[in-house]
Undergrad: 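Next up is a structure, given as structure tokens.
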Amino acid sequence: MVGTPCKSCPLRACSLFTPMDDDEVSFTQSIKRGELQVLRGTTLLLEGAASPQLFTVLSGMGIRYKTLEDGRRQVLNFVFPGDFIGLQAGLMGEMKHSVEAVTPMTLCVFGREDLWTMFRTSPERAFDMTWLAAIEEHFLGETIASLGQRDARERICWAIVRVFVRLRALGLASKNQAQVPFRQQHLADALGLSLVHTNKTLQALRRDKLLRWSEGVMVIEDLGRLADIAMIDLEKPETRPLL
């Protein structure tokens, strides 16, 4: 098979992901169809479309979003290495949101019918998939709470902490610095804010010596204070299964 063998997957070395035994690795390898490489800006999955494929992100980042009839976009969340995408189309017949690459990405490819093989022959792997779906629902609930109850400063701090902690858990950030490919417009679209308001709030956080974000590089100067403003506990991310 062209691509990275599951037994050599670089994500398996990351402490964010639950260890897989040999049987789980062998099963995942047996249903992997190959790998897909896409350029930045590629629409991986389109809202309303029926996709025959599902993906695990091997490298790169993206966004999940919905588009309103007038063209405005609501970013639902951000896509990171290890995320499983396309489950809606696999189970419901069509996507209820779109997924776009914001960097070049490499994706492990699975077929829709592999879902049913998983449920029939590997209940442990099927449970992992269900867990991933549940954690996405939890994240969306947290996002709704932010949009409804946090002010702009609190929302931005919440999103920055969540993104930075995830990147650090993936080994994509140092103690206080990371390359962040998402733009301020992505952040504004995710948090229900205007770009102008988002930019002014980030400038205020910079003046307060809490963070700096310029030319794709984010430097966190006081992660604990950002978490306090966001009213969240600064916790190590919960380990998650890898498909």
Side-chain angles (χ1 to χ4, degrees), residues 3-22 24-25 28-29 32 35-40 42 44 54-64 75 77-86 99-110 125 128-129 131-132 135-136 138-139 142 156-184 186-187 190 210-227 230 232-243:
T4 306
C6 293
K7 65 180 180 180
S8 304
C9 177
L11 294 175
R12 293 183 60 207
C14 180
S15 61
L16 178 63
F17 300 108
T18 306
M20 298 166 62
D21 62 31
D22 291 343
E24 290 171 326
V25 173
T28 305
Q29 184 71 70
K32 180 177 174 180
E35 290 179 10
L36 176 66
Q37 294 184 337
V38 300
L39 300 175
R40 181 181 66 180
T42 300
L44 303 173
L54 304 92
F55 309 100
T56 291
V57 180
L58 185 60
S59 65
M61 300 182 210
I63 55 170
R64 290 183 174 94
V75 172
N77 60 10
F78 301 108
V79 176
F80 297 98
D83 283 355
F84 188 61
I85 58 177
V99 181
E100 177 185 310
V102 299
T103 71
M105 298 179 76
T106 300
L107 306 136
C108 299
V109 181
F110 304 93
R125 296 267 77 192
D128 287 344
M129 183 188 65
W131 190 95
L132 289 171
I135 202 67
E136 288 299 329
H138 169 76
F139 182 84
E142 191 175 1
I156 288 176
C157 289
W158 171 80
I160 293 295
V161 170
R162 290 295 187 233
V163 168
F164 185 79
V165 168
R166 180 71 177 276
L167 291 175
R168 193 167 62 182
L170 286 165
L172 299 176
S174 65
K175 183 177 180 181
N176 71 329
Q177 182 172 314
Q179 294 280 342
V180 178
F182 308 115
R183 303 192 307 272
Q184 289 185 19
H186 293 137
L187 189 64
L210 295 174
L211 71 90
R212 289 178 282 123
W213 186 7
S214 177
E215 298 182 353
V217 178
M218 182 179 291
V219 179
I220 303 296
E221 300 190 61
D222 194 334
L223 187 61
R225 178 60 181 147
L226 290 172
I232 55 176
D233 294 328
L234 193 56
E235 300 174 337
K236 183 178 179 180
E238 186 177 5
T239 56
R240 52 196 292 136
L242 179 65
L243 293 177

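Note that the coordinates shown come from a computational prediction; the quantities given were computed from them, not determined experimentally. Reckoned from all heavy atoms, side chains included, excluding hydrogens, waters and symmetry mates.
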Undergrad: Are F17 and T239 packed together at the side-chain level, in the sense that at least one heavy-atom pair is separated by less than 4.5 angstrom?
TA: no
Undergrad: Please report the interatomic distance CZ(F78) to NE2(H186), rounded to the nearest 0.5 Å.
TA: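 Rounded to the nearest 0.5 Å, the CZ-NE2 separation comes out at 7.5 Å.
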Undergrad: Evaluate the side-chain proximity of R64 to I85: yes if any heavy-atom separation is below 4.5 Å, no if none is.
TA: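 A side-chain contact exists here, since the closest heavy-atom pair is under 4.5 Å.
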Undergrad: Once you round to the nearest 0.5 Å, how far does CD of E24 lie from CD of Q29?
TA: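 CD of Q29 is found 14.0 Å from CD of E24.
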Undergrad: Could you measure the distance from the CG atom of L187 to the CD1 atom of I63? Nearest 0.5 Å is fine.
TA: 11.5 Å
Undergrad: What heavy-atom pair brings R166 and P81 nearest, and what distance separates the two atoms?
TA: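 What the structure gives for the nearest pair is NH2-O, 4.1 Å.
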Undergrad: If every non-hydrogen atom of C157 is compared with every non-hydrogen atom of A230, which pair is closest and at what distance?
TA: C-CB, 3.8 Å
Undergrad: Given 3.5 Å as the limit, does a donor-acceptor pair link the side chain of T56 with the main chain of C108, or not?
TA: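 Judged by distance alone, no pair lies under 3.5 Å.
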Undergrad: Between T18 and D128, is there a side-chain heavy-atom distance shorter than 4.5 Å?
TA: no
Undergrad: Specify the closest pair of heavy atoms between G3 and P5, including all atoms of both residues, with the distance to one decimal.
TA: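 So the minimum-distance heavy-atom pair works out to O-CD, 3.4 Å.
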Undergrad: How many angstroms lie between CG in L226 and CD1 in I232, if you round to the nearest 0.5 Å?
TA: 9.0 Å
Undergrad: Hey, could you give me the CE/CG distance between M105 and L36, rounded to the nearest 0.5 Å?
TA: 9.5 Å
Undergrad: Run the side chain to side chain contact (heavy atoms under 4.5 Å, CB included) test on V165 and L234 for me, step by step, so that the C-alpha distance in whole Å, both residues' side-chain angles and the decisive distance to 0.1 Å come before the verdict.
TA: CA-CA 9 Å; V165 168; L234 193 56; 4.1 Å; yes
Undergrad: Atom CE of M218 and atom CG of L167: how far apart are they, to the nearest 0.5 Å?
TA: 8.0 Å
Undergrad: Classify the angle between the aromatic ring planes of F182 and F80 as parallel (below 30°), tilted (30 to 60°) or perpendicular (above 60°).
TA: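 F182 and F80: perpendicular rings.
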Undergrad: Using side-chain heavy atoms (C-beta onward) and a distance below 4.5 Å, is E100 in contact with T42?
TA: no
Undergrad: Between C14 and L242, is there a side-chain heavy-atom distance shorter than 4.5 Å?
TA: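 The answer is no; the side chains never approach within 4.5 Å.
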Undergrad: Taking all non-hydrogen atoms of both residues, which atom of G86 and which atom of L54 are closest, and how far apart?
TA: O-CD2, 3.5 Å
Undergrad: Side-chain contact, heavy-atom cut-off 4.5 Å: T28 with F110?
TA: yes
Undergrad: Nearest heavy-atom pair of A178 and L172: which atoms, and what distance?
TA: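 That would be CB-O, 3.9 Å.
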Undergrad: Do L58 and P10 have side chains that approach each other closer than 4.5 Å (heavy atoms only, starting at C-beta)?
TA: yes
Undergrad: How close do W213 and V180 get, heavy atom to heavy atom, and via which atoms?
TA: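 W213 and V180 have their closest heavy atoms at CZ2-CG1, 4.0 Å.
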Undergrad: Answer yes or no: is there a donor N or O on one side and an acceptor on the other, between the side chain of R240 and the main chain of L16, under 3.5 Å?
TA: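 Not a single qualifying donor-acceptor pair exists.
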Undergrad: For atom CG of D22, decide whether the heavy atoms of other residues, nucleotides or ligands shown that lie under 6.0 angstrom number more than 12.
TA: no
Undergrad: Quick one: does V79's side chain get under 4.5 Å of M61's, heavy atoms only?
TA: no
Undergrad: Just by modelled atom types, is the T106 backbone N or O under 3.5 Å from a matching donor or acceptor in the E35 side chain?
TA: no
